[in-house]
Amino acid sequence: MKLLRNLYRIGTGLSLSLLISGILMGDYSERSLAVTEPSNPVTTITWQNTRLPDWNQITFSSLPGITESGSFSAPQGVSEQIGYDLSRTWITGQTPAQYMKIGDFQDSFKLQQFNLQSISKIVGSDLSKIKLSEFGVMQFQTLESLVQAISTLKNLPITEVKPIFDLLSQELTTQFDGTQTIGQLLQQSPHLGQLEFANLPMDSYSLDAIPGLDSTQIGTFKDWQGLTIDKIPGLGNVPFSEFPNPANPIGADVGIVDIAFGTNEQQRDHTISGSNKQGFNVPCHKDCAHIELSGSPLVLGKQWISGKYQLVRGGQGILGSVNGGKEPTGRHPFGDAFKVVVWDTSEVDGTMSQALFFRACMRKGFVDWGCTPYFIGPIPWLTYKEKEPIFLGVVTGDVTNDSVSISTGKKSSGFSFKNPVNTSDNSLTFASSGDCSKQYQGVTIDALSNALSDIEGNYDSVGAYVCDGAGNCGRGLGTKQFMSYRPDVRSLVSSKSGGQEFLAKVDQGAAVSGEEMMMYFPQTDQQALFESEITNLLQKASQQIDPTTGQPFTGERLIERVSQMHYVGVGIPIDAAVSDVQDKFSVKGYGEKAAANYTQAMQSMGCL
């Protein structure tokens with residue numbers, strides 16, 4: 001099969017070795033981004049000479065954009081029981097307000113206890129200017145569920161609540177008595193309670209068109225758990241300090257960042273990092289990048305292991321199986337809403353950075369599906385230099401822990417924050433969430449880029465060393481796994497100082513790090529090369545005939561075909577059944593996966 005596949009590697013020559021599928025699509029152990037010059041992307045205050053996040057200034061909308069795209073699929077049967085799709089997708093550059101849901105925080109921040117009036121009072125918004133369609137819960141409501149949430153509605157005449165009157169007028173083919181109360185109507189014709197407001201255009205109504213709507217707690221509405229934070233007007237701008245259960249430090253232990261170590265370190269047993277499931281003293285056996293602490297006897301000599309290089313078990317309940325049940329090792333100094341992780345460590349600079357990771361949770365009524373591991377991230381957090389105090393939360397004494405963390409296989413040797421991987425401000429993120437207007441042949445380029453990246457890797461991904469049927473050998477580089485032996489790639493790389501030496505190293509099959517690769521093949525080069533190539537492939541694909549219709553490729557089938565060409569080359573037969581050496585994707589399957597990812601990306605970008 002490998003030989004057959006290599007015969008078709010005549011176009012892009014992409015490596016087929018870096019593949020991610022199903023529930024592991026957001027697995028950062030396979031797909032981690034390089035970083036730029038460290039900075040503190042969040043506002044801090046000083047407490048006992050130690051920096052703490054200023055929760056008065058931090059909101060879901062103001063947190064830094066996530067630095068990796070990802071997604072997960074709900075375990076089989078869960079979405080059917082809940083009544084909507086629990087799966088999740090997030091795209092590089094999005095803030096947590098765009099992909100985290102209210103139900104994720106029902107036990108931590110208790111956001112469901114807010115109503116629109118209380119949110120408006122905090123953020124200073126004018127509710128009279130907000131349309132009914134902007135209040136996201138309305139898309140899930142039926143007439144019956146709305147009356148259950150706002151019990152006073154049942155006593156009002158139908159004509160006094162215009163959205164209800166219009167919904168009945170639109171859906172019923174017979175006349176009804178508008179002077180009777182809503183409660184009387186539902187008592188006489190209970191089946192009308194199943195009429196859905198999603199079928200009613202709600203842009204023409206203000207919030208006060210439904211009396212009591214703005215004073216009703218979010219948690220009383222049907223399916224409130226499934227709403228992203230940005231679907232509740234103003235909620236994304238509420239400071240964490242103003243939540244019903246606000247963010248606060250847990251404990252008061254402080255240490256000093258004594259030394260930052262890379263992955264050359266081995267056998268670190270006196271750790272203060274781990275997970276709720278394994279405890280917070282999980283040993284590390286290899287690739288143990290970490291910070292060593294000094295300070296009080298409680299923390300002296302302890303290690304906080306980097307979650308970029310070490311994973312631990314996490315999650316609970318049915319959702320605990322998502323992402324293979326793994327999350328980065330870390331701590332919870334501010335509670336269980338998110339996890340704080342040591343991310344990059346640089347022995348060269350004497351510096352380390354932190355990242356945040358969130359989890360998805362679902363409990364509806366008396367049924368609790370649990371929570372995923374904390375794997376939705378990384379979100380840039382605080383950066384520390386050696387000899388700087390760091391807040392740790394609650395640190396316990398040494399306890400025997402028979403478990404061990406799992407290496408991601410990444411290496412940090414020689415890493416430096418000052419390494420000029422890419423000094424542009426947007427070096428490692430897509431532009432915002434993508435540009436819906438940038439299209440070619442009816443295809444949104446940024447959405448297709450995100451769709452393929454979710455399969456291939458991130459900007460610092462380096463593929464396995466492989467050879468094609470023509471004797472060309474090299475590695476797939478970057479977010480689209482462009483092969484290092486391609487002339488256009490070699491031209492871009494060799495134009496950089498030291499680029500020719502880097503190519504010689506790759507040509508010999510020597511190991512190279514993602515950080516090193518990014519010095520010679522940065523994001524700007526990768527994105528420009530992709531956009532140039534994909535327009536050419538779209539032009540060619542759109543002129544081919546789809547054998548299933550007898551017409552030129554269009555729509556979803558055009559996405560599938562151009563992805564097949566990107567995967568193997570322009571000469572690959574349509575819907576070919578050949579697979580990669582791991583038999584994870586056939587050419588046809590790759591196209592179908594890319595098309596499904598494209599639809600998810602379009603939804604996340606707001607293009608649909």
Side-chain angles (χ1 to χ4, degrees), residues 23 26 59-61 70-90 94-116 118-119 133-142 144-150 194 196-198 213-236 238 240 243-247 314-323 335-338 357-376 600 603-604:
I23 212 167
T59 69
F60 279 114
S61 293
S71 65
F72 71 87
S73 299
Q76 186 173 5
V78 172
S79 294
E80 290 78 7
Q81 295 179 57
I82 293 174
Y84 55 86
D85 189 4
L86 189 59
S87 302
R88 195 82 58 93
T89 298
W90 53 95
Q94 287 185 317
T95 65
Q98 296 172 284
Y99 54 83
M100 296 306 296
K101 298 186 177 182
I102 300 174
D104 298 333
F105 305 101
Q106 61 180 310
D107 294 326
S108 53
F109 293 145
K110 302 185 184 298
L111 303 180
Q112 71 274 15
Q113 294 181 10
F114 275 126
N115 61 44
L116 290 177
S118 59
I119 293 173
S133 58
E134 296 177 64
F135 187 32
V137 297
M138 289 303 299
Q139 66 178 303
F140 295 141
Q141 302 312 301
T142 63
E144 180 183 34
S145 70
L146 186 65
V147 173
Q148 288 176 346
I150 311 173
Q194 302 309 307
E196 298 177 350
F197 282 91
L213 186 71
D214 58 359
S215 60
T216 301
Q217 282 192 355
I218 296 169
T220 62
F221 292 99
K222 177 177 177 285
D223 292 343
W224 59 270
Q225 300 94 331
L227 282 174
T228 53
I229 289 166
D230 64 352
K231 299 302 183 185
I232 302 296
L235 182 55
V238 175
F240 279 36
F243 290 160
N245 187 36
Q316 62 190 60
I318 294 176
L319 292 180
S321 64
V322 170
N323 202 53
D336 289 338
F338 52 83
F357 282 81
F358 287 102
R359 63 179 179 177
C361 298
M362 173 52 65
R363 189 179 75 248
K364 191 175 181 181
F366 296 105
V367 183
D368 189 352
W369 285 272
C371 297
T372 70
Y374 293 91
F375 79 110
I376 303 175
Q600 290 182 332
Q603 292 172 344
S604 297

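Because only heavy atoms are used, hydrogens play no part in the values below, and waters and symmetry mates are left out as well, while side chains stay in. Quick note: residue numbers are just sequence positions, from 1.
Distance alone, capped at 3.5 Å, is enough to place a donor-acceptor pair between the Gln139 side chain and the Gly136 backbone. Listed for the Asn245 side chain is a donor-acceptor partner under 3.5 Å among the backbone atoms of Ser108. No donor-acceptor distance shorter than 3.5 angstrom exists from the side chain of Trp369 to the backbone of Leu319, with no hydrogens or angles considered. Between the side chain of Glu196 and the main chain of Phe140, no donor-acceptor pair closer than 3.5 Å is present.
From Phe357, atom CZ reaches atom CZ of Phe338 across 13.0 Å, with rounding to the nearest 0.5 Å. The distance from atom CG of Leu213 to atom CG of Leu146, rounded to the nearest 0.5 Å, is 7.0 Å. Atom CD of Gln316 is separated from atom OG1 of Thr372 by 9.5 Å, given to the nearest 0.5 angstrom. Annotation: the span from Met100 atom CE to Phe358 atom CZ amounts to 6.0 Å, rounded to 0.5 Å.
Taking all atoms of both residues into account, the shortest heavy-atom contact from Thr142 to Ser145 is N-OG, 2.9 Å. Listed here is the closest heavy atom pair of Pro244 and Gln113: CB-OE1, 3.6 Å. Summarising the geometry of Asn115 relative to Ser215, their closest heavy-atom pair is ND2-O, 3.4 Å, with the distance given to 0.1 Å. When all heavy atoms of Tyr99 and Thr89 are compared, the closest pair comes out as CB-O, 4.1 Å. Across all their heavy atoms, Asp368 and Met362 have their closest contact at OD1-O, 3.3 Å. Pro373 and Gly314 make their closest contact through CG-O, 3.7 Å (heavy atoms, listed as atom of the first residue, atom of the second, distance).
A search for ring pair (Phe, Tyr, Trp, His ring centres under 6.0 Å) contacts involving Phe221 returns Phe135, not counting sequence neighbours. In this view, Phe114 satisfies the ring pair (Phe, Tyr, Trp, His ring centres under 6.0 Å) rule with no residue, not counting sequence neighbours. Checked against ring pair (Phe, Tyr, Trp, His ring centres under 6.0 Å), Phe240 has the following partners two or more places apart in sequence or in another chain: Trp55, Phe60, Phe109, Phe243.
Contact of the Asn323 side chain with the Phe72 side chain is not registered, since no non-hydrogen atoms from C-beta on lie closer than 4.5 Å. Phe105 places a side-chain heavy atom less than 4.5 Å from the side chain of Ile229.
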Worksheet item: Run the side chain to side chain contact (heavy atoms under 4.5 Å, CB included) check on Ile218 and Leu111 step by step: do they pass?
Response: CA-CA 8 Å; Ile218 296 169; Leu111 303 180; over 6 Å; no
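Side-chain polar atoms of Gln217 and Gln112 form no donor-acceptor pair below 3.5 angstrom.
When each of Arg359, Arg88, Gln225 is tested with Asp104 by the rule side-chain hydrogen bond (donor to acceptor under 3.5 Å, both in side chains), just one qualifies, namely Arg88. Of the residues listed (Val137, Thr228, Leu235), the one engaging Ile102 in a side-chain contact (heavy atoms from CB on, under 4.5 Å) is Leu235, and it is the only one.
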